Amino acid sequence: MQNNFVWLIFLLPFLSFLVISLFLKPLFKDKPKLAGYVTIAAVAASFILSVVVLFKLLGAADHKLIVPEINWVIIENGVTIHLGLMIDSLTGIMLMVVTTVSLMVQIYSQGYMKDDPGYHRYYAAMSLFTTAMLGLVMADSLLLAFMFWEMVGLCSYLLIGFWFHKPSAANAAKKAFIVTRIGDFGFLAAIIFLYAHTGTFDIATLQNMAVSGMLAGSVLTWAAIGIFAGAVGKSAQFPLHVWLPDAMEGPTPVSALIHAATMAAAGVFLVARTYPLFEHSATALHTVAIVGGFTAIFAASIALVQNDIKRVLAYSTISQLGYMMLGLATGGVAVGIFHLFNHAFFKALLFLGAGSINHATQTFDMREMGGLRKAMPKTYITFLIAATSLAGIWPLSGFWSKDAILSQALDKQPIIFVLVLITVFMTAFYMFRVIFLTFGGTYRGKEHHLHESFSVMTIPLMVLTVLAVGSGFFNLNGGFSSFFGAGETHSILEGLFGIFKEPLPWISLLLAGSGIFLAYAIYSRKWISAESLGKMFKPLYQLFYHKYWVDELYEGIIVKKILMGGLFKAAHFFDTKVIDGGINTFMIQKVIVKNFFAGLFAFDRKGVDGAVNGVAGTTLAAGKTIRKAQTGQLQFYGLIIGLGVIALIVSVFIFSRV
Amino acid sequence: MGQVIAFWVFAVAIIGAALGVVLLKNVFRAAVLLVACFFGVAGIFILLSADFLAAMQILIYIGAISILVILAIMLTREVAFGSPSNKFQIPAFIIAALFCTGVIWAILNTQWQISSVAPGATTTSGLGVKLFSKDGFILPVEILPTVLLATILGAIVLVKDRKK
Amino acid sequence: MTIGLEHYLVLSAILFSIGLYGALAKHNAIVILMSIEIMLSAVNIALIAFSRFIVPAELTGQIFALFAMAVAAAETAVGLAIIISIYRNKETIDANKIDLMKW
C-alpha cells in the first residue's frame, strides 16, 4: 500500500484543473494570476513525486513498482476492466520528461500569456493536458491508455484553437483533430482486435504473450501495425504529418509542451510501451523503421526552406520523431527513448526561445528578424546551445542519442542509414540558418523596441539549457540503457571519449560541421547568395518550399476531387439524371474521366512546373460545380441513405443465395 | 380465433393511423393520430405476450413522447403551417415502396426457426432478473442513465434562452 | 388461420416504410420527428415478434426493445429541443429551409 502516492502524480494536475475551472474562474475573475500559481504548484508537486518514483525505481528489483489497482467495471462472465498503473523504467523516464517540461512551460507561460483574456482557460487546459499525458504514460491497460490518448488529443485541439477568433487557429485545431483521428482509428481497431484474440487489455499480459509466442503471426503483425498507425497520427509521421506544422497556430508554450516535448512524442512512447509486440514481428519493425527514416529526411528537407521560425522547428520535430521511431525499430526501447528524453529538453527550449523572440519582435517571420543577439543575450545563448545540441555536436545531449541511433541503423537498415546521415547534415544546416537569420546580421523588421523577455521567461530557458547540455550524460556510463535492461555500465571517461574509436561519430560530426559551415557561408558571410542557390536548385527549392504539395494533395485531390468531385457529384448526378430519368454514361464520362483524371493530370503538370496557383484555380473552379451536390438538406441525404439500404438488402439476398 | 381478429383490428388501426400521421395536413390531428398508432402498437405487444413492454409503450410513448410532441407543436405555433409535402415526394415514395417490397420479400423468403416453446404468462419478473442480474444486462442498464443524463443536460442547454 | 411471425414482420415492414416516407417527404420538422417515432415503433414490433417466436424463453428481444424505447425517448427530447431552438433563431421549422450544412 506504500506506493499509493503514485496515483497523486496525475490526480494533482487534475485537481488543479477542477479548481481552476469550477472555483477560480467563476469566483476570482479579477485575479487571473491565481490560476497560474495553482497549476505550477500542482505540477511541481507531481514533479517531486516523479523524482521519488524514479529513485524508488532505481532501487527496485527489475526496475518495477507495484501499485495497488482499482477495479472499475466488473461483470461476472463478462468484461472486467481494471484501473491500474504500470510503473517501470519507461514510465519513470517519461514522468520525468513530462513533469519537468510541463513545470518549465507553466512558469514560462506566466510571462508569455500575461494579460491574455483567456488566462484561466489556458491554465485549465494545460492542467488537463498534464493530467492526461501523465495518465497516458502510467496506464497499465490499452483501454485506459486509449482514454488518456484521446484526452491529450482533446487538449491539443483546445490549445491549438486557443485563439479561436483567428480562423487560421480554428482551422488548424480542426485539422489536427481530424488528421490524428485517422491514426487513432487504427489504434482503436488494434485494441479491439487484440481483445478479440486474447481477451485482455492489460499491457503486461499482452507483452508476455508476445514474448512467449502465444501471440504471433499475422495477428501480431496487424495489431502492431494498428498501434503504429495511432503512433503515426500522434507523432506526425508521414503521411499524417500535415497537422503538426499547422498546430503552430497555438500559443508558443503550448507548441513547446504539446507539439514538441510530450504529446507529439506520445506515439513514440506508445510503440516503446508495446515494444514486445513489434519485436516479434519483423514486418511491423520494418514498417516502423522505414516510416521513421523516411519521415526524418522528408521533414528535414522541408525545414531547410521555411521562413517561419516555428514551422522550421515543427518540421524539425517531425524529423526528430522519425529518428526516434527509427531508433526504436533498430536499437530497441533504450535507444529510441533516450533520444526522446534528450529531444524533449532541447526542443522545448528551442520553442520557448522562439516564443521569447516573438515576444520582442511580434513576428515569427525570420525575414523580419536579425541582429537580436545584442538585444536578447540570454535568449541567444540558450537558443544557440539548444540548436547545437539538436545539430548533434559533441558533447551536447543530441550527439549521444543521435549517434546511438545512427550506429544501430548502420547495423540493421543500411539503406535508411544513408538517408538519416544526410538528415544530420540538413539538421545542422537548418538550425544554424535559423540562428544566423534571427540573431546574426542587422535587424530587418519594422521599427520596434527590442528587449529581453521577463525573467519569469528566461529562467525556465536557463534551466532547460542545463538539461539540454546535460541530459546526454546520463548514458555516459551506460546507466540509461541499463535502466532499460540493455547493455552494461562502464566508466564515464570511457563513455565520453571512447566513442571516438569508431569512425561513425567522426563522419556525423563532420557532416554536422559542414552543415553549420554552409549555413554560416550563406546566411552570415553571404559568400554564396541564398537567392542564386534557390534559382540553381529551383525544382528542389519549390518542392521543399511547398512541402512536397502534400497539403494540396490531400485537400485538392482527395477531399475536393475524389470525395466531393467524384462521389458527391456522382450522387448529385444520380439524383438529377437517374431519378429524373437520365443516362449513366454521361455521369461516368463527365465525373470520372473529366474531373478525376483531369485533376490528376492538372496536379501533375502544375506540380512539376511548380505553379501552385493553377492548382488553387482548378480547385476553385471544380468547387463551384461540385458544391451543388451539397444541398444541406437532410432529407436529400436521407433519400440517399434509403437507396443505400435498399441496395444492401438486395445484395445480401442475391449473394447469400449463391 | 379471438387473437386473429384482434391482430387484424390492431394492424389495420396502426397502419391507418400511421398513414394519417404522414398524410394529414393538420399537424395537431397528426399528433393525435400518432397517439392512436402507439395504442395499436401496445395492443400488438400484448398479442405478442409482452405485457410489461405494452405498459411501457403506453407510459413512455403516449405518456411522454406524444405529450412532448404536442407541446412542441404548440410552442412553435406551426399548426397553421401545416404539413405539406416537399419536392422529394415522388422519390421518397419510390424509395419507401422499394424498401417495403424488398423487406417483405426478404421476410417471406427466409426460413425462420420458429420455437415451439410457449411464452411465460408474465414477463415482468423475467425481465427484471435479466436486466439486473450479474450475468445479464447490468452494464447496459448502468450506461443508459448516463445517456439519459446527457440528454437532459443537452436538451436544457439547447433550449436555454441565451438573450438574458 | 393463425397469426405467425411473418404477419408481425410484414406489419412492421409496412409501418416502417410509412414512417420512412414521412421522414423523407415532409416539410414540417415535427412531422418528420413523428415519422421517426413510427419507424422506431415498427422496429420494436419486429424485435418483440422475434423474441416471442424464436426465443420465447430468453426475452432478449424484449430487453432490446426496452433499450430502444429509452433511447427513443432521449432522441425525441433532444430532437424537439433542437427544433425549438432552430425555431427561435430562424422563425421556421421547415426542414427544407434549414440547410446550414450547405457547402
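The basis for the numbers below is simple: all heavy atoms, side chains too, and nothing from hydrogens, waters or symmetry mates. Note that the coordinates shown come from a computational prediction; the quantities given were computed from them, not determined experimentally. Every chain is numbered from 1 and lettered A, B, ... according to where its sequence line falls, protein lines coming before strand lines.
- The structure places CZ of C:Phe53 at 6.0 Å from CG of B:Leu48, a figure rounded to the nearest 0.5 Å.
- Contact tally against chain B (heavy-atom pairs below 4.5 Å) for C:Ile63, C:Ile14, C:Leu5, C:Ile84: the top residue is C:Ile63.
- For B:Ile60, the part sitting under 4.5 Å from any heavy atom of chain C is the side chain, from C-beta outward, and nothing else.
- Atoms CG and CG, from C:Leu80 and B:Leu68 in turn, are 5.0 Å apart once rounded to the nearest 0.5 Å.
- Residue B:Leu34 touches chain C through its side chain alone, counting heavy-atom pairs closer than 4.5 Å.
- Using a 4.5 Å heavy-atom threshold, the side chains of C:Leu11 and B:Ile15 count as touching.
- Aromatic ring orientation, C:Phe67 versus B:Phe137: tilted (interplanar angle from 30° to 60°).
- Between B:Phe7 and C:Tyr8, the angle of the ring planes goes over 60°, which puts this pair in the perpendicular group of the 30/60° scheme.
- When the candidates C:Ser12, C:Ser41, C:Gly79, C:Ser85 are compared by the number of heavy-atom contacts under 4.5 Å with chain B, C:Ser41 comes out ahead.
- Proximity to chain C is absent for every atom of B:Ala64, based on heavy atoms less than 4.5 angstrom apart.
- For chain B, no part of C:Ser51 is nearby; none of its heavy atoms comes within less than 4.5 Å.
- With a 4.5 angstrom heavy-atom cutoff, B:Ala31 touches chain C via backbone and side-chain atoms both.
- Contacts between B:Ile90 and chain C at a heavy-atom distance below 4.5 Å are absent for every atom of the residue.
- Using a 4.5 Å cut-off between heavy atoms, C:Leu9 contacts chain B through both its backbone and its side chain.
- Residue B:Gln89 touches chain C through both its backbone and its side chain, counting heavy-atom pairs closer than 4.5 Å.
- For the pair B:Ala96 and C:Leu20, the tightest heavy-atom approach, listed with the atom from each and the gap, is CA-CD2, 4.1 Å.
- Looking only at side-chain heavy atoms (C-beta outward), C:Ile48 and B:Ile44 stay at 4.5 Å or farther from each other.
- If you take CG on B:Asn109 and CD on C:Glu6, they are separated by 10.5 Å, rounding to the nearest 0.5 Å.
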